[in-house]
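Report on one structure; see the data block that follows.
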Number of protein chains: 2
Amino acid sequence: MMKDRQHSSEACLSSINAVKDALYVLNGKWKLPLIVSLINGPKRFNEIQRSLSEITPKVLSKELREMELNGFVERKVFDTFPVTVIYELTDYSDTLGPIIDALSLWGTQHRQRIVEMRKLEPVTT
Amino acid sequence: MMKDRQHSSEACLSSINAVKDALYVLNGKWKLPLIVSLINGPKRFNEIQRSLSEITPKVLSKELREMELNGFVERKVFDTFPVTVIYELTDYSDTLGPIIDALSLWGTQHRQRIVEMRKLEPVTT
DNA sequence: CTGCATCCTATAGGATACTG
DNA sequence: CAGTATCCTATAGGATGCAG
């Protein structure tokens with residue numbers, strides 16, 4: 001029986017490009033965490049900022065605009081005083097679910113692994 | 001029945017951090033594509049370079065060393081002339097499978113979506 | 001062939017202050 | 001409250017050349 005690798009050269013290339021395409025849109029430090037932050041429901045600008053500790057308003061603003069352009073987030077303004085703005089995930093952002101789930105799960109497991117490794121390797125300084 | 005969001009505030013924070021942890025290790029433009037490139041089997045330095053079109057040797061070298069440190073890749077040297085070096089995925093890198101699958105699938109679908117949208121929005125210049 | 005040394009630039013991302 | 005304006009720095013990543 002033929003091994004996968006025998007006929008996977010083009011498949012490999014197209015996978016690489018598919019992954020690169022995805023990363024191109026989801027680039028940076030904040031895109032995915034931002035989506036996670038909104039999964040529970042719409043949030044206001046300041047709420048998002050607080051949930052992603054350490055992000056500055058300038059960066060958050062920029063990220064949100066990019067996400068809006070990419071169709072992941074919808075911005076809604078309410079004419080109160082002071083003005084109220086909420087950000088809300090779109091249906092399209094739901095398609096990112098598997099990616100986020102996989103990253104979240106792996107991140108959790110990876111953190112545990114690091115902890116385990118620290119136990120096995122006592123301080124060597 | 002209670003909605004998820006009611007009791008998901010901490011869960012949300014921990015998901016955000018899990019995702020951030022994962023992204024911290026898998027950061028940059030090349031980590032994941034590099035792994036995809038090796039999925040079919042071990043490759044030599046130049047083979048990897050060719051499969052990831054456009055990556056420069058300096059960057060590839062740096063990425064590979066990081067991946068080695070993180071336990072995703074193993075480097076094997078053969079004492080031929082000129083020297084032969086192959087890079088090979090470790091078992092641990094298999095745990096990234098779901099992430100890569102999800103990214104690859106999404107990337108493919110996303111590309112198609114872009115194409116569809118271009119059809120619907122004829123040139124506006 | 002493998003990959004380091006050097007140099008270089010663009011940009012991501014942060015600090016701070018300010019506005020409608 | 002929801003951002004914008006400015007300024008700043010670190011670094012990712014690329015170009016090129018050379019070495020074992």
Side-chain angles (χ1 to χ4, degrees), chain A residues 16-17 19-38 41-70 72-89, chain B residues 16-17 19-38 41-70 72-89:
Chain A
I16 290 176
N17 286 325
V19 169
K20 281 163 84 174
D21 287 348
L23 293 176
Y24 181 77
V25 179
L26 305 173
N27 65 53
K29 196 172 167 182
W30 297 110
K31 298 271 186 319
L32 271 340
L34 182 43
I35 289 190
V36 175
S37 165
L38 291 176
K43 279 201 178 80
R44 306 175 65 165
F45 190 88
N46 274 339
E47 289 178 308
I48 303 175
Q49 190 178 0
R50 259 174 276 129
S51 75
L52 307 177
S53 48
E54 311 302 326
I55 196 173
T56 61
K58 191 201 88 170
V59 174
L60 178 54
S61 173
K62 182 193 162 207
E63 296 291 316
L64 283 170
R65 270 179 276 124
E66 286 183 40
M67 306 281 287
E68 219 186 330
L69 278 177
N70 283 323
F72 296 134
V73 159
E74 196 171 352
R75 180 176 183 271
K76 290 182 176 166
V77 184
F78 296 89
D79 193 14
T80 57
F81 183 82
V83 65
T84 302
V85 180
I86 65 159
Y87 292 90
E88 168 168 46
L89 293 183
Chain B
I16 290 177
N17 286 325
V19 170
K20 280 164 84 175
D21 288 348
L23 293 176
Y24 181 77
V25 179
L26 305 174
N27 65 56
K29 197 172 165 180
W30 298 110
K31 298 272 184 320
L32 271 341
L34 183 41
I35 289 191
V36 175
S37 165
L38 291 175
K43 278 201 179 79
R44 304 177 63 168
F45 190 87
N46 273 341
E47 289 178 307
I48 303 174
Q49 191 178 0
R50 259 174 279 129
S51 75
L52 308 176
S53 49
E54 311 303 326
I55 195 171
T56 62
K58 192 201 88 173
V59 174
L60 177 55
S61 173
K62 183 194 162 207
E63 296 290 317
L64 282 169
R65 271 180 277 122
E66 286 183 40
M67 307 279 288
E68 221 187 328
L69 279 177
N70 284 323
F72 296 134
V73 159
E74 196 170 351
R75 180 178 183 269
K76 290 181 178 168
V77 184
F78 296 90
D79 193 13
T80 57
F81 181 82
V83 66
T84 303
V85 181
I86 65 160
Y87 292 89
E88 171 167 44
L89 293 183

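So you know, we letter chains A, B, ... as the sequences are listed, proteins then strands, and number each from 1. Because the structure is a prediction, the values reported are computed rather than measured.
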Side chain of B/Val83 (C-beta onward), nearest among D/dA2, D/dG20, C/dG14: D/dG20

Residue-phosphate contact under 4.0 Å: B/Tyr87 side-chain N/O, C/dC1 OP1/OP2: no

Any B/Arg65 side-chain N or O less than 4.0 Å from OP1/OP2 of C/dG3: no

Spacing of B/Asp79 atom CG relative to C/dT2 atom C1', expressed in whole Å: 13 Å

B/Asn46, nearest nucleotide to its side chain (from C/dG14, D/dG13, C/dT2): C/dT2

Minimum side-chain heavy-atom gap B/Val73-B/Tyr87 below 4.5 Å: yes

Protein-nucleotide distance (B/Leu52, atom CG; C/dG3, atom P), rounded to Å: 15 Å

Nearest-angstrom distance from the residue atom NZ of A/Lys62 to P of D/dT4: 13 Å

Residue mapping more 5' on DNA chain C - nearest nucleotide basis, A/Lys31 or B/Thr84: B/Thr84

Interatomic distance, A/Ile48 CD1 vs D/dG3 C1' [rounded to whole Å]: 12 Å

Rounded distance (Å) that lies between atom P of C/dT11 and atom CG of A/Asn27: 12 Å

Side chain of A/Pro57 - closest among D/dA2, D/dG3, D/dG14: D/dG3

5' priority, DNA chain C, between A/Thr56 and B/Val85 [closest heavy atom]: B/Val85

Nucleotide D/dA19, atom C1' - distance to CZ of B/Phe81 in whole Å: 12 Å

Closest nucleotide among D/dG14, C/dG14, D/dA2 to the B/Trp30 side chain: D/dG14

Donor-acceptor under 3.5 Å (B/Asn70 side chain, B/Met67 main chain): no

N or O in side chain of A/Arg44 less than 4.0 angstrom from D/dA2 OP1/OP2: yes

Atom-pair distance (CD1 on B/Ile55; P on D/dG14), nearest Å: 7 Å

Sugar-phosphate only, base, or nothing, as touched by A/Glu63 at under 4.0 Å among non-hydrogen atoms: sugar-phosphate

Distance in angstrom units between B/Leu64 CG and C/dG3 C1', rounded: 10 Å

Residues A/Lys31, A/Glu66: salt bridge by 4.0 Å N-O rule: yes

Candidates C/dG14, D/dG14, C/dC1 - which lies nearest the side chain of B/Pro82: C/dC1

Non-hydrogen side-chain atoms of B/Arg44 and B/Thr84 separated by less than 4.5 Å: yes

Phosphate OP1/OP2 of C/dC4: any B/Ser61 side-chain N/O under 4.0 Å: yes

Polar pair under 3.5 Å, donor/acceptor by atom type, side chain B/Lys58, base C/dG3: no

Student check: side-chain heavy atoms of A/Trp30 and B/Lys20 closer than 4.5 Å: yes

Any donor-acceptor pair under 3.5 Å from B/Lys43 side chain to B/Ser37 backbone: yes

